[in-house]
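Accompanying notes for the structure given below.
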Amino acid sequence: MRTSQYLLSTQKETPADAEVISHQLMIRAGMIRKLAAGLYTWLPSGLRVLNKIADVVRDEMNKAGAVEVLMPVVQPADLWEESGRWEEYGPELLRIKDRNQRDFVLGPTHEEVITALVRNEISSYKQLPLNLYQIQTKFRDEVRPRFGIMRGREFTMKDAYSFHMDEASLQETYDKMYQAYSNIFSRLGLDFRAVIADSGSIGGAVSHEFHVLADSGEDDIAFSTESNYAANVEMAEAVAPAKATPSGAPAEVIDKPSGISVENFLAKQDTALKVVLVKAQSEEDTADKWVALVLRQEHNLNDVKAEKLPQVESPLVVASDETAKEVFGCFPLFANPTNLNLDVVVDRSAAAAADFVCGAGENAKFIVNANWNGDIEVADIRDVVAGDPSPCGQGTLEIKRGIEVGHIFQLGDKYSKAMNCGVLSETGKHQILTMGCYGIGVSRIVAAAIEQNHDKNGIIWPEPIAPFTLALIPMNMHKSQRIKDAAEALYSTLTAQGINVLFDDRKERPGVMFNDMELIGVPHSIVVGERNLDNQQVEYKNRRTGETELLDLSQVAEFIAAL
RNA sequence: CGGUGAGUGGCGCAGUUUGGUAGCGCACUUGGUUUGGGUCCAAGGGGUCGCAGGUUCAAAUCCUGUCUCACCGACCA
């Protein structure tokens, strides 16, 4: 490709609304342009990278025995009513009507469509297992799109769905996908980890997420320092600590000390407990009922864990301060967890505490040396924190940020049952299928790769996804016929060799070319200049290491081929 | 949805407090100059100041409404 025939679109200035480095560099390098919140046009360089990633994904999926299909973006509402998600999914699902006022959705995912397809196409156990996938545009009307392509509303996703007669077969395909995903992210040159995950609204039991490690990530991941245990903080189990023994000192009600805020006072205590009021699960929508959750003062309530409690409403609703005041009869900070007239669930760490400080159920009063008496309901409802013992039994946990780029689920029969997707089994009986589903955020990988691979001059693409492999930079070509001849000759040779070359044939000063090529992150470059041409040489430069070396013109083809 | 902030040529911004008919840098065009790391000089083109209404002799500037965008939070692949 010649720059003169290409749309390079680099810019010097960092866009004002781009917060993270990948977003800034994607704009500056001319990869994407924003059309509206969460909606981006892919410019040629961006699209090249996107396609290269898709190629790797496709290749590994095919190798793992999956078969590619392509489903419509627009899906009829009937299917979503059948699965129950027309009601469940919420405002993230963009609903539209056609000219006949029939309801449709823009597909945020394709369980319904694939299940509808398979129930018609497959009728015998002999055709299973089957794993179908597509690489396609999804639409999710995100509450808050951000970080450019990282959390767009429209994005490219690889989604695969597998169908099985039994759990064992599902597990086999699940394991294959786990391996395929590991292969994909390795080939893409990413530093990633597979972590135990929550299956969220998609449903199902077993699930792993694949995270690219980066400080700008939106998820917290807990790792064991000693084993390869890794889990999303949403899921990481907080192990119950040993129960502390009460000292026998009598409980005592004290006034809140003056000259210190309640928060600071509590933070200074060795052991202080707090109460979080959340909405109770209820069938009727009469007056709201509430559940009190008790945690150690320094711990955060884990929403995902709380939602799994049978008595708690899902999605989680935390009471407003006003409501809490009414229910507790005092400011929430002074609620007394040991004496509440409603359902109480105590976090393991809080339950193990003894001689703790907590509210006295009355404004500006605390109890010191409080202890639990009688039966309390105990559950794991907090976020793990760095330093907690690892649930695997080895080492302690450390917490890092990650960008979720892949997620695999064992769905079970959630969709196949709701939509009656089954086949005739060996014994001639109709049997509902078991399903798995496997997603990769193809467009998000572009941003994730940049987060991990950049320097102050721009992007440093891992070789397999670089928009161009080599930049050919002739200096002052418009003034020197021999530079022009040498550059043109190299361009034809390298291109004929199958190398993806970007030939910068603009009439620009060398500095401009160097900066642009570094910004867009071309891994290798060849500089053709008068000085070296005197010795029949050109200069090679490596984008990542910055190392340069002189090459004889006659060696270039061989040298580049060997990279 | 709550909080904060912002909408002025393609991009980054000033001008708004104190109303007087729009400016700077980058980019773009032309000519010259320079040429191994974003040269320099000169001359140009491009904006009904997000939109609607109001106040005024006069509105980017003041008032009302509205839309959009970003960040934090809630929420979420």
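By convention in this document, chain letters (A, B, ...) are assigned in the order of the sequence lines, proteins followed by strands, and residues within each chain are numbered from 1. If you're wondering where the values come from, they're calculated on a predicted model, not measured in any experiment.
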Figure out the [atom1]/[atom2] separation between [X] and [N], and round it to whole Å.
| X | N | atom1 | atom2 | result |
| --- | --- | --- | --- | --- |
| E218(A) | rA74(B) | CD | P | 12 Å |
| I221(A) | rA77(B) | CD1 | C1' | 14 Å |
| D141(A) | rC75(B) | CG | C1' | 13 Å |
| R444(A) | rC76(B) | CZ | C1' | 10 Å |

Give me the distance, rounded to whole Å, that separates [N] from [M] when you measure between the [atom1] atoms they each carry.
| N | M | atom1 | value |
| --- | --- | --- | --- |
| rU16(B) | rG23(B) | C1' | 14 Å |
| rU8(B) | rA60(B) | C1' | 7 Å |
| rA27(B) | rU21(B) | C1' | 28 Å |
| rA59(B) | rG53(B) | C1' | 13 Å |
| rA6(B) | rG12(B) | P | 16 Å |
| rA22(B) | rG9(B) | C1' | 11 Å |
| rG46(B) | rG10(B) | P | 13 Å |
| rG37(B) | rG32(B) | C1' | 24 Å |

Can you figure out which of rC26(B), rA77(B), rC69(B) approaches the side chain of E13(A) most closely?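 Closest nucleotide among those given: rC26(B).
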
Which nucleotide wins on minimum distance to the side chain of E142(A), given the candidates rC26(B), rC75(B), rC76(B)?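 Among the listed nucleotides, the one closest to the side chain of E142(A) is rC76(B).
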
Tell me which nucleotide, if any, is Watson-Crick or G-U wobble paired with [N] when both distances must be under 3.5 Å.
| N | value |
| --- | --- |
| rG73(B) | rC1(B) |
| rC13(B) | rG23(B) |
| rG36(B) | none |
| rG31(B) | rC41(B) |

Pair H524(A), Y540(A): side-chain N/O donor-acceptor within cut-off below 3.5 Å: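 Distance-only check passes for H524(A) and Y540(A).
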
Short side-chain donor-acceptor distance under 3.5 Å, D413(A) and T434(A): no

Mark up nucleotides 29-40 of chain B, 5' to 3', with B wherever a protein heavy atom is under 4.0 angstrom from a base atom, S wherever such an atom reaches only the sugar-phosphate, and - elsewhere. -----BBBBBB-

Hey, does G152(A) reach any base, or is it just sugar-phosphate, or nothing, if we go heavy atoms under 4.0 Å? base

Between the main-chain N or O of L295(A) and the side-chain N or O of H299(A), is there a donor-acceptor pair closer than 3.5 Å?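 The answer is no, because no donor-acceptor pair under 3.5 Å joins these two groups.
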
In terms of side-chain geometry, is the basic nitrogen of [X] or [Y] positioned less than 4.0 Å from the acidic oxygen of its partner?
| X | Y | result |
| --- | --- | --- |
| K484(A) | D505(A) | no |
| R187(A) | D55(A) | no |
| D455(A) | R543(A) | yes |

Answer yes or no: side-chain N or O of R144(A) and base N or O of rC71(B) forming a donor-acceptor pair under 3.5 Å. no

Ranking T14(A) and E92(A) by the position along RNA chain B of their nearest nucleotide, the one closer to 5' is T14(A)

Is there a side-chain contact between E88(A) and W80(A) in this structure, where contact means two heavy atoms from C-beta onward sitting under 4.5 Å apart?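 Sidechains of W80(A) and E88(A): no contact.
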
